[in-house]
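One structure below.
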Amino acid sequence: PAPAPPPAPPAPTPAPGPPTGYTGGIHKTEDGGKTWTTIFEDQGNFYFNGIHCSSETHCVAVAEGHNTGTPGAHIFVTTDGKNFTSKFFIAGPHASLMGARMISETEGWAAGGDAKNQLQIQSNFYHTLDGGETWGLESIKGIMALGIDCADAKNCIAPGILVTQQ
């Protein structure tokens, strides 16, 4: 019979004290996934939930951080494929952004919401028509958007959590 595999190593022991914060990063490959490079990183403020690119250089990413000095949700944009800039910030401990979708070089959506408690939730859909420089808002009460996908400029779909189904 084959020898028994070695036992799994023990799980790491967390450091004592409260968590030190979030680490958010964006990584990029230009060789089909053989290597990845970190092109954006933040320590202690937020983590990323989604990213979508309309080309090799134009992308939108969404992030959120709740237990930080400045809680809220962010929309980041790059137009050179390397340097991400925060273009929109929603302040508050309940703000969330979960998904992003670029439809073209100029039009895109970011989806998330606000959940004060199980009965006070709403989806927030942020829409850009200028490549991510500015964002308008459409809201729906009673559901929290968890992402977004679009077939074209008129047809998008978003999964969500209903007010009584958390």
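Bear in mind the structure is a predicted one, so any value in this text is a computation, not a measurement. What's counted below: heavy atoms across the whole structure, side chains too, no hydrogens, waters or symmetry copies.
Side chain of T128 to backbone of T134: a donor-acceptor contact under 3.5 angstrom is found. In this structure, the side chain of K28 does not engage the main chain of W36 through any donor-acceptor pair within 3.5 Å. Judged by distance alone, with hydrogens and angles left aside, the side-chain atoms of T29 form a donor-acceptor pair with the main-chain N or O of T35 at under 3.5 Å. Side-chain atoms of T37 do not come within 3.5 Å of backbone N or O of I39 as any donor-acceptor pair.
Residue Q43 places its CD atom among more than 12 non-hydrogen atoms of other residues, nucleotides or ligands, all under 6.0 Å distant.
Contact detail for M102 and H52: the closest heavy-atom pair is N-ND1, 3.0 Å. Closest approach of A100 to V62, counting heavy atoms only: CB-CG1, 4.1 Å. In terms of heavy-atom proximity, G131 sits nearest to V77 at O-CG1, 3.6 Å.
Here the straight-line distance linking atom CG of D149 with atom CG of N155 works out to 11.0 Å at 0.5 Å rounding. Annotation: the span from D152 atom CG to E107 atom CD amounts to 9.0 Å, rounded to 0.5 Å. How far CZ of R101 is from OG of S54: 11.0 Å, rounded to the nearest 0.5 Å.
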Derivation and outcome, side chain to side chain contact (heavy atoms under 4.5 Å, CB included), residues F76 and K87: CA-CA 6 Å; F76 289 87; K87 294 292 184 176; over 6 Å; no

Apply side chain to side chain donor-acceptor pair (under 3.5 Å) to the pair E105 and S55, showing each step before the final yes or no. CA-CA 8 Å; E105 289 290 297; S55 67; 3.1 Å; yes

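Linking ILVMFWY residues whenever their side-chain heavy atoms come closer than 4.5 Å, directly or via other members, places L162 and F125 in the same cluster. Residues I51 and F48 share a single hydrophobic cluster, defined by chaining ILVMFWY side chains whose heavy atoms lie under 4.5 Å apart. Following chains of ILVMFWY side-chain contacts shorter than 4.5 Å, one cannot reach I161 starting from I157, and the two form parts of different hydrophobic clusters. Both V60 and F88 sit in one connected hydrophobic cluster of ILVMFWY residues. Membership requires side-chain heavy atoms under 4.5 Å apart, directly or through other members.
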Could you list the donor-acceptor pairs under 3.5 angstrom formed by side chains in residues 138-146, with sequence neighbours left out?
from	atom 1	to	atom 2	distance (Å)
S139	OG	N124	OD1	2.8
K141	NZ	Q122	OE1	3.1

Hey, can you pull the donor-acceptor pairs under 3.5 Å for the side chains in residues 64-72, sequence neighbours left out?
from	atom 1	to	atom 2	distance (Å)
E64	OE1	N49	ND2	3.1
E64	OE1	S96	OG	2.6
E64	OE1	L97	N	3.1
E64	OE2	Y47	OH	2.7
E64	OE2	H66	NE2	2.8
H66	ND1	P93	O	3.1
T68	OG1	T70	N	3.3
T68	OG1	T70	O	3.2

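For W109 and H127, the gap between ring centers is short of 6.0 Å.
For the 3.5 Å distance criterion, the side chains of H27 and T38 qualify, holding a donor opposite an acceptor.
Between F89 and H74, the angle of the ring planes lies from 30° to 60°, which puts this pair in the tilted group. Taking the six-membered ring for Trp and thresholds of 30 and 60 degrees, F40 and F46 have nearly parallel ring planes, at less than 30 degrees apart.
The closest side-chain heavy-atom distance from Y126 to I75 is below 4.5 Å. Between I26 and F84 the shortest side-chain heavy-atom distance falls below 4.5 Å.
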